[in-house]
2 protein chains.
Amino acid sequence: MDKCKLIPLDKIFKSLGDPIRMGVIKQLIMSETGEMSCGSFDYCVNKATFSHHIKILLEAHILCERTEGVKKYLFLNPSIKKLYPGLVETIRITIPD
Amino acid sequence: MDKCKLIPLDKIFKSLGDPIRMGVIKQLIMSETGEMSCGSFDYCVNKATFSHHIKILLEAHILCERTEGVKKYLFLNPSIKKLYPGLVETIRITIPD
DNA sequence: TATATTGTTCGATATTTATCTAACAATAAG
DNA sequence: CTTATTGTTAGATAAATATCGAACAATATA
């Protein structure tokens, strides 16, 4: 739970400092259910590259995953919003209405 | 003023995603006057390298500068706090008391 | 069992980034 | 005018990162 406290904020920022990864977060924020399978995101790179970016977000503990059959569903780590409430809000206000 | 709106958030995050640059922001937040000269920061790299990191923060418009004689004083861009109030607060809560 | 779907891993490559030393520029002080 | 202070720039190098194609693994379906 408090594992996120152990993740230096600069590592979190670093993981968010990429347009593709930021796109993932924004799409999750905008999603109805709060979770999306890897293949359901909009992205403009090879799927291997996309997988690489997802891995980075998972390792920064910004995302959590849930496997169902052959699909892997991703969602924002609820602890992040608790520990750094201003972080998700900052991203949210950059999403056009 | 609203020039910051034009800076994509992922670029801002990227500029913050480095321990040295994060150190600069934290030291400014903790400073009495809100501004510090380049040479007055604590850092553990060559001064040329440090200058490089400062440049990145300036280009991300997170910092502003003011020159006085041979010294250059740096301070947080006031617009950042207005546009992204959660951002500075997120950094602040990671600073030990 | 054979095929399709979903996602990861491997190996290679190109780009970006961090870092240093040395030289430089601008101001200040003697 | 000479020297010290403060910070930047140039050039070189090493490390990290992004990217892709191809092969793979696991599950689902026909």
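As the structure is a computational prediction, the values presented were derived from the model and not from experiment. Naming: A, B, ... by sequence-line order, numbering from 1 per chain.
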When you look at E68(A) and K71(A), which way does the salt bridge (Lys or Arg N to Asp or Glu O under 4.0 Å) test go after all the steps? CA-CA 5 Å; E68(A) 191 179 301; K71(A) 287 187 176 177; over 6 Å; no

Between [X] and [Y], is there a donor-acceptor pair closer than 3.5 Å when you use the side chain of the first and the backbone of the second?
X: E65(A); Y: L58(A); answer: no
X: N77(A); Y: H61(A); answer: yes
X: S51(A); Y: K47(A); answer: no
X: D10(B); Y: M22(A); answer: no
X: R21(B); Y: H53(B); answer: no

Any residue of residues 17-45 of chain B with a heavy atom less than 4.0 Å from an atom of DNA chain C: D18(B), I20(B), R21(B), V45(B)

Is the phosphate of [N], meaning OP1 or OP2, less than 4.0 Å from a side-chain N or O of [X]?
X: T49(B); N: dC20(C); result: yes
X: S51(A); N: dG7(C); result: no
X: K55(B); N: dG7(D); result: no

Take atom [atom1] of [X] and atom [atom2] of [N], then tell me their distance rounded to the nearest Å.
X: L16(A); N: dT17(D); atom1: CG; atom2: C1'; result: 16 Å
X: R66(A); N: dG7(C); atom1: CZ; atom2: P; result: 12 Å
X: K72(A); N: dT6(C); atom1: NZ; atom2: P; result: 15 Å
X: K71(B); N: dA4(D); atom1: NZ; atom2: P; result: 18 Å
X: F50(B); N: dT8(D); atom1: CZ; atom2: P; result: 9 Å
X: D10(B); N: dA18(D); atom1: CG; atom2: P; result: 12 Å
X: L58(A); N: dT9(C); atom1: CG; atom2: P; result: 11 Å
X: E59(B); N: dT16(C); atom1: CD; atom2: P; result: 15 Å

Rounded (10°) bend between the five-pair end axes of the helix from dT1(C)-dA30(D) to dG30(C)-dC1(D): 10°

Spatial distance of atom [atom1] ([X]) from atom [atom2] ([Y]) [nearest 0.5 Å]:
X: F75(A); Y: S31(A); atom1: CZ; atom2: OG; result: 11.5 Å
X: I95(B); Y: Q27(B); atom1: CD1; atom2: CD; result: 9.5 Å
X: K81(A); Y: I62(A); atom1: NZ; atom2: CD1; result: 13.5 Å

Using a 4.0 Å heavy-atom cut-off across all strands, classify I56(A) as base, sugar-phosphate, or nothing. sugar-phosphate

Could you check whether H53(A) gets within reach of a base, just the sugar-phosphate, or nothing at all, counting any heavy atom under 4.0 Å? sugar-phosphate

I need a per-nucleotide contact map over nucleotides 22-27 of chain D, read 5' to 3'. Cutoff is protein heavy atoms under 4.0 Å; write B for the base, S for backbone only, - otherwise. ----BS

For the side chain of K14(A), counting heavy atoms from C-beta on, which of dC20(C), dA18(C), dT17(D) is nearest? dT17(D)

When you compare the side chain of F13(B) with that of D18(A), does any pair of heavy atoms fall below 4.5 Å? no

Determine the minimum heavy-atom distance between Y43(B) and F41(B), stating which atoms define it. CD2-O, 3.5 Å

Using every non-hydrogen atom in the two residues, find where V45(B) and F50(B) come nearest and quote the distance to one decimal. CG2-N, 3.9 Å

